[in-house]
Structures are given as structure tokens and as C-alpha cells.
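Each remark here refers to the structure printed beneath this line.
In what follows, every heavy atom counts, from backbone to side chain, and hydrogens, waters and symmetry copies are set aside. Note that the structure is a prediction, hence the values are computed from the model and not measured.
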Amino acid sequence: MPQSTTNNNWSFQPLHRQRSTSGYPQHVLNTVPETAVLTTPPPTRKPLTIQIAGVAAAESGHKRRFLAARKKPKSAMKMLADTEREEALNLQIEFEWVLRQEVHAILKQLRSILVECAHRFPVPLYENEGKKTEKFILTVSPDQLKAVLTLTGDAITQADISFKLCKAPSQTQRTSITHDSPWKLQQVQDAANHLQTAINHIDDVDDSYHFKTSDEVLHVIGNILDALQRGRNSLLVPKKKPIDELIKGRNMKSLVPNLPEDLAVSFYLQSHKLIIAVYQLLNNQGTMRFDSRQAEASVQWLNDVLLLLMNGQKLCQQLKDKISVFSVYKDFTVGSRSPSALSY
């Protein structure tokens with residue numbers, strides 16, 4: 001029988017025995033039998049709490065503590081409605097301020113511009129003495145048409161006119177205007193009248209008056225804009241007349257000597273220019289037509305007037321656009337902030 005090697009094989013000996021035989025101090029490992037009862041206490045657990053209506057109730061022996069109730073989240077539609085309501089209220093506050101303060105400030109500024117414009121007119125208007133006298137030379141070379149004239153206020157008080165006929169280029173026709181019978185420029189007086197109307201619309205609004213709705217402001221601004229537009233059009237777009245009406249016109253009687261019945265002279269304003277036009281009726285094989293020549297000169301006060309009128313129109317339009325933003329709230333009135341007046 002082979003000899004047992006259990007005791008001779010040191011690798012199978014417990015560690016403390018191997019070391020004890022080698023001169024090392026004996027170390028015994030403390031081992032715990034698997035059947036031993038655990039004596040380590042379990043971890044401490046917090047008492048169970050139950051939350052009812054925002055109150056946390058602990059087990060007996062523990063104090064009660066109060067918890068804040070959680071708010072129910074708002075729906076997207078509710079948040080949108082609240083935002084629109086806030087915006088509408090802010091818009092109404094701004095609307096009231098515009099009606100009470102800004103409208104009157106802009107009307108005052110507008111009146112200053114229009115009065116300055118009135119002072120540029122050569123006719124009596126808003127402490128403007130008028131009757132300003134200027135001399136102009138209107139010519140088309142080579143000697144086709146020439147007019148040396150004096151403009152006083154809204155009338156040509158003196159002029160020497162010479163022009164060559166279309167059917168007889170070598171023949172020169174001459175005529176003149178004298179102080180006894182001036183040539184009236186109706187466009188100047190029409191523009192001045194419309195400007196006067198625009199200023200009157202501003203003066204009709206008392207400084208202490210409180211506008212209540214946007215329609216009130218838009219009505220006043222609309223009247224002013226219409227008057228200013230008519231005033232500018234009077235200077236920018238001269239009225240067109242048939243040739244026969246020009247020949248029989250009242251101003252033709254101002255010419256000395258009178259012209260033949262197939263000739264007509266016209267003075268008019270267009271933009272910043274004073275223009276003279278000569279028309280001649282021609283019979284071409286039974287068909288009537290006319291030929292014309294014209295000359296022009298720039299007038300400084302016309303340029304100033306048109307610029308000031310345009311500035312006045314821009315200021316009116318800016319106020320009109322701003323008020324129009326509030327016009328969608330038809331129920332807005334000063335001092336009324338009822339939610340029923342707001343549209344969502």
C-alpha cells in the first residue's frame with residue numbers, strides 16, 4: 001500500500017502551521033462559523049410617512065411636519081391667454097398715453113412746420129407780408145423763346161415776351177404784360193388756401209381736449225393730410241386746358257398787343273419751376289393740331305414750400321400709422337381697462 005502523503009506534503013497544511021514550523025510567529029485567523037447568529041444591528045430606517053392633502057403624518061412618536069402643496073401646472077392655452085391679456089393691457093396703457101400726450105405734441109410740431117411754410121409763400125399768410133418781388137429770365141436758344149418777367153406775389157406784373165412762329169421761323173412775335181393788367185398765377189393762391197385749411201384743422205383742436213378713441217385722431221389727421229396733399233398737387237400738377245380754352249382765357253387779355261387767334265401763351269408752375277409755353281394752332285390738310293415751345297426757370301421759394309409740405313405730410317403719416325395700430329381695439333376708451341374690451 002502506498003504511504004500517505006498527507007502529513008508529508010507541507011502545501012496542504014494550514015498557513016499558521018506552515019509558518020510555525022518555519023520560525024514565524026503563529027497567527028490564528030478568527031473565523032465565524034456559518035451557523036453563527038449575526039449580532040450586527042440592521043441599518044436605521046426612517047419612519048414611513050404618508051402625505052395627505054399636503055400634510056405628512058409620521059408614525060407615532062414622531063413630529064408632524066407640513067409640506068407645501070404642489071401647484072397644478074398651467075396648460076399651454078391658459079399661458080397663451082394670460083400673455084395676450086397682459087400684452088393687451090400694456091397696449092391700452094400706451095394707447096392712453098399717446099392720446100393724452102403724444103397727439104397734442106405732434107400737432108404742435110406740425111403746426112410749426114406749416115406756419116414756417118406759410119412764411120415762404122409770396123402772398124399774405126400768417127403774418128407774412130407777401131408781395132415778394134423776383135425777376136426771372138426764361139429762354140430757349142437760339143432765340144426760339146424768351147421771356148424777361150417780374151413775379152410779384154402770385155402774379156406776373158411785368159413781362160417782355162418774344163418767340164418765333166413754327167410756320168414762319170424767320171418771323172418773331174412780340175408781346176408784353178404790364179402792371180395795369182397782371183397775369184394771375186392761380187396755383188399759388190390755391191396752394192396757400194389749402195395750407196391755410198390744414199392749419200385751421202390743427203387750430204380747431206383745443207390744447208386741453210382729451211381724445212377718447214383712435215377714430216377721433218384719425219379723422220383730424222385725415223383732414224390735415226387731404227389739405228396738404230391738395231396744396232402740393234396745386235404746385236406739382238398744373239391743370240390741363242384745351243387749346244381753345246387757353247386762347248379764350250382771361251389771362252390772354254393781359255397781353256399787349258393781343259396775339260392772333262391761332263396763338264396762345266401760358267404761364268404755370270410745375271414742381272419748383274416757373275414755365276412759359278407758347279402754342280400755335282396748325283391746319284394740316286383739314287386736321288387741326290398744335291405746336292409748342294416752352295422755357296423754364298427755377299424758383300427757390302417753391303422748392304422750400306414743397307419741402308416743408310412734404311415734411312408735414314410725413315409727420316402726419318407717422319402719427320396716422322401709430323394710431324392705426326390701436327384701431328383694431330375698437331372698444332378702447334381712455335380710463336376703461338375692462339377685460340371685456342380686449343380681444344383674444
Side-chain angles (χ1 to χ4, degrees), residues 118-141 143-168 171-196 231 234-235 237-281 290-305:
H119 291 167
R120 304 300 177 93
F121 270 81
V123 294
L125 189 65
Y126 275 91
E127 300 179 359
N128 178 24
E129 297 179 358
K131 302 301 180 182
K132 181 180 179 181
T133 299
E134 297 178 282
K135 293 184 179 295
F136 298 94
I137 298 177
L138 293 70
T139 181
V140 176
S141 59
D143 299 330
Q144 297 294 318
L145 173 61
K146 184 177 181 179
V148 180
L149 58 87
T150 300
L151 179 62
T152 304
D154 60 344
I156 299 173
T157 54
Q158 189 277 330
D160 292 323
I161 307 167
S162 62
F163 57 91
K164 291 184 178 181
L165 300 174
C166 298
K167 61 182 179 180
Q171 182 180 356
T172 300
Q173 186 76 38
R174 298 182 184 278
T175 187
S176 63
I177 299 174
T178 63
H179 292 278
D180 297 334
S181 183
W183 184 292
K184 186 75 170 181
L185 290 174
Q186 189 61 39
Q187 291 173 266
V188 177
Q189 190 60 55
D190 290 344
N193 291 340
H194 293 311
L195 177 61
Q196 176 75 65
S234 298
L235 302 175
V237 186
K239 295 179 180 179
K240 294 183 178 181
K241 298 180 181 179
I243 185 66
D244 56 341
E245 185 176 342
L246 288 176
I247 293 175
K248 299 177 182 178
R250 180 183 60 184
N251 282 329
M252 287 293 293
K253 298 178 181 179
S254 299
L255 299 177
V256 180
N258 294 330
L259 295 177
E261 293 183 355
D262 61 342
L263 292 176
V265 173
S266 177
F267 287 96
Y268 60 91
L269 303 175
Q270 187 170 15
S271 185
H272 62 281
K273 299 175 182 179
L274 172 62
I275 300 175
I276 178 176
V278 177
Y279 304 95
Q280 183 178 12
L281 277 175
F290 68 90
D291 198 359
S292 66
R293 290 190 176 94
Q294 69 179 40
E296 61 187 35
S298 180
V299 182
Q300 181 60 43
W301 68 262
L302 275 175
N303 188 67
D304 296 341
V305 164

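- For residues 153-166, every residue pair satisfying the salt bridge (Lys or Arg N to Asp or Glu O under 4.0 Å) rule, not counting sequence neighbours, is listed here: D154-K184.
- Separation of atoms CD1 (I156) and CG (L274) is listed at 5.5 Å; rounding is to 0.5 Å.
- Note that the OG atom of S234 and the CG atom of L185 stand 12.5 Å from one another [nearest 0.5 Å].
- Panel note: side chain N193, backbone Q189; a donor-acceptor pair is recorded below 3.5 Å.
- Ring orientation note: the planes of Y279 and F290 are nearly perpendicular, at an angle over 60° on the 30°/60° scale.
- Interatomic distance, CG of D143 versus OG1 of T139, reported as 6.5 Å (0.5 Å rounding).
- From Q280, atom CD reaches atom CD of Q173 across 9.0 Å, with rounding to the nearest 0.5 Å.
- R174 CZ to K146 NZ: the interatomic distance, rounded to the nearest 0.5 Å, is 9.5 Å.
- Rounding to the nearest 0.5 angstrom, the gap separating the CG atom in D180 from the OG1 atom in T178 is 4.5 Å.
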Distance-only donor-acceptor pairs under 3.5 Å for side chains of residues 252-271, two or more places apart:
from : atom 1 : to   : atom 2 : distance (Å)
S254 : OG     : S181 : O      : 3.3
S254 : OG     : S181 : OG     : 3.2
S254 : OG     : P182 : O      : 3.3
S254 : OG     : N251 : O      : 3.4
D262 : OD2    : K167 : NZ     : 3.1
Y268 : OH     : Q294 : OE1    : 3.4

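- K135 and T150 form a side-chain donor-acceptor contact under 3.5 Å, judged by distance and modelled atom types alone.
- A donor-acceptor pair under 3.5 Å links the side-chain atoms of H119 to the main chain of Y126, judged by distance alone.
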